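Working notes, structure below.
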2 protein chains.
Amino acid sequence: MHPIDDLLAGKQNSGNRAAPTRDRLIRAFTDLVQQRGYAAVGTAEVLKVASAPRGSLYHHFPSGKSGLAVAAVEYMAEAVTDALHRATTGRRTLPVLLRGMASARAAWLKRTGWSEGPLLTVLSNEVVPHEPDIAEALKVGSAAINSAFTDLFMARGFAPDTAWRNAHMTRSLLDGAMTLSRAARSTDALLEAGDFLATRLADPANRGA
Amino acid sequence: MHPIDDLLAGKQNSGNRAAPTRDRLIRAFTDLVQQRGYAAVGTAEVLKVASAPRGSLYHHFPSGKSGLAVAAVEYMAEAVTDALHRATTGRRTLPVLLRGMASARAAWLKRTGWSEGPLLTVLSNEVVPHEPDIAEALKVGSAAINSAFTDLFMARGFAPDTAWRNAHMTRSLLDGAMTLSRAARSTDALLEAGDFLATRLADPANRGA
DNA sequence: ACGATTCTGGACCAATTGGTCTATTTCTGG
DNA sequence: CCAGAAATAGACCAATTGGTCCAGAATCGT
């Protein structure tokens with residue numbers, strides 16, 4: 001199962017009829033970009049993986065490849081914020097949630113042979129600022145995720161400014177550990193990050209002013 | 001001045017005679033990749049920026065673009081470990097050093113209009129595992145940097161395993177904050193990371209067993 | 001001075017790139 | 001049942017890709 005699916009249970013359109021072309025394009029594009037990066041994936045390959053003809057791509061995304069990237073970023077950001085919102089209203093404690101995020105990423109890396117990185121991270125590192133549309137989508141999406149993390153920390157009793165700082169820390173740490181883990185082909189950095197997040201950052205003693 | 005130069009004072013070949021072609025190629029390649037990523041920079045552009053003909057590239061780097069990437073990674077990793085080694089034997093305290101790293105990166109981002117990311121980070125996010133040579137160079141280079149950071153923490157009184165963990169934390173945090181800052185076009189994440197590193201991670205009370 | 005080696009310069013190549021365009025098919029509301 | 005819209009299908013394009021190849025220039029050791 002694709003990691004996106006983990007986050008999306010319930011968001012997916014109900015029936016299991018074949019995904020419409022537009023969604024298949026976004027899905028194929030996301031997978032390929034996470035493996036190889038934006039510039040390295042050609043439209044031809046996306047089309048092949050999605051089993052769609054050229055015309056469909058430019059019908060659904062008149063601005064072409066960059067439009068597809070914008071849609072993929074928006075889709076992913078929404079999926080992540082939805083999942084975080086669900087976690088916020090759920091019962092699980094912060095340490096459990098945070099360590100879970102880190103180990104889920106570690107498992108993902110292992111399962112895919114260290115071949116995939118998170119969409120927003122991958123795009124952030126190659127697209128800014130040559131593609132203003134994508135850069136803007138990344139900015140908006142990233143801000144939404146930060147805000148969702150801040151809400152999560154606040155809902156667990158942290159003061160607003162501490163929550164905001166912890167949101168940044170959590171994102172930076174998970175993101176950087178993911179990149180490092182990919183480079184080192186080892187989950188050490190991610191597990192280390194999970195440990196820190198669960199035992200220190202989420203420590204009730206640090207709920208701040 | 002280029003950020004690489006900051007790290008290299010003293011490593012540069014002495015006189016200011018024009019850099020040899022091979023070095024110019026590495027330099028041009030590094031700059032371009034940091035801005036746009038590996039796949040997006042064409043050999044033609046590297047050649048133009050380096051003012052070198054096509055033949056020179058394949059003379060100095062018989063394996064072409066990927067060989068150039070490997071050389072650039074090795075060069076960068078050495079520059080970074082050298083700088084860390086100098087810091088280790090130097091006098092500055094850990095908090096000063098760590099906050100300095102974060103704010104140097106923040107300044108770099110601002111100066112370049114959020115257009116450049118660290119070479120190893122950028123490559124790690126798009127090259128693994130399709131280019132095994134580059135992946136290997138990244139793995140080796142990243143390990144060397146981790147080790148240099150571990151030495152730094154140990155030289156400041158941290159126990160070996162704590163030092164190793166702190167090295168991972170520092171790298172993950174700086175790296176992730178860099179990516180986030182680029183996406184958000186704001187240095188918030190980096191400054192937050194610097195603050196944490198200086199006031200918490202480097203805290204002498206946490207020198208561990 | 002000279003032969004050998006290193007390096008530069010650039011023409012050239014097949015393959016691929018993102019994108020355009022139009023004909024046809026499929027779907028939908030009335 | 002049909003008109004019109006939505007979507008699919010793929011031929012086609014100029015531009016660019018990384019890479020090969022070889023002729024000439026510069027540099028070297030002797």
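Keep in mind that what you see is a predicted model, and the values were worked out from it rather than measured.
A straight line from OH of B:Tyr58 to P of D:dG19 spans 4 Å, rounded to a whole angstrom. One can place CG of B:Leu57 at 9 Å from P of D:dG19, the figure rounded to the nearest angstrom. If you take CG of A:Asp23 and P of D:dA7, they are 12 Å apart, rounded to a whole angstrom.
With a 6.0 Å cutoff to the six-membered ring centre and a 45° limit on the axis angle, B:Lys65 counts as a cation-pi contact of B:Tyr38.
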message: Checking A:Ser115 against A:Thr112 for the side-chain contact (heavy atoms from CB on, under 4.5 Å) test, could you report, in this order, the C-alpha distance in whole Å, the side-chain angles of both residues, the deciding distance, and whether it holds?
response: CA-CA 6 Å; A:Ser115 73; A:Thr112 60; 3.7 Å; yes

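Listed in residue order, the members of residues 43-55 of chain B having a heavy atom less than 4.0 Å from DNA chain C are B:Pro53, B:Arg54, B:Gly55.
At a cut-off of 3.5 Å, with distance as the only test, a side-chain donor of A:Arg54 or A:Thr43 sits close to an acceptor on the other residue. A donor-acceptor contact under 3.5 angstrom links the side chains of B:Asp175 and B:Thr121, judged on distance only. With 3.5 Å as the limit, one finds no donor-acceptor pair spanning the side chains of B:Arg99 and B:Thr199. Residues A:Asp188 and A:Ser181 bring no donor and acceptor atom of their side chains to less than 3.5 Å of each other.
Here the range on DNA chain C touched by chain B, meaning any atom under 4.0 Å from one of its heavy atoms, is C:dT6 to C:dA11.
Taking the six-membered ring for Trp and the full ring otherwise, the centers of A:Tyr75 and A:Phe29 sit at least 6.0 Å from each other.
Between A:Glu116 and A:Arg36, no side-chain nitrogen of the basic residue sits less than 4.0 Å from a carboxylate oxygen of the acidic one, so the salt-bridge criterion is not met.
Close to D:dA6, at under 4.0 Å from its OP1 or OP2, lies no side-chain N or O of A:His60.
With DNA chain C read from its 5' end, the first of the two nearest nucleotides for A:Gly42 and B:Arg22 is the one closest to B:Arg22. A residue-by-residue look at B:Thr21 and A:Ala40 shows that B:Thr21 has its nearest nucleotide of DNA chain C further toward the 5' end.
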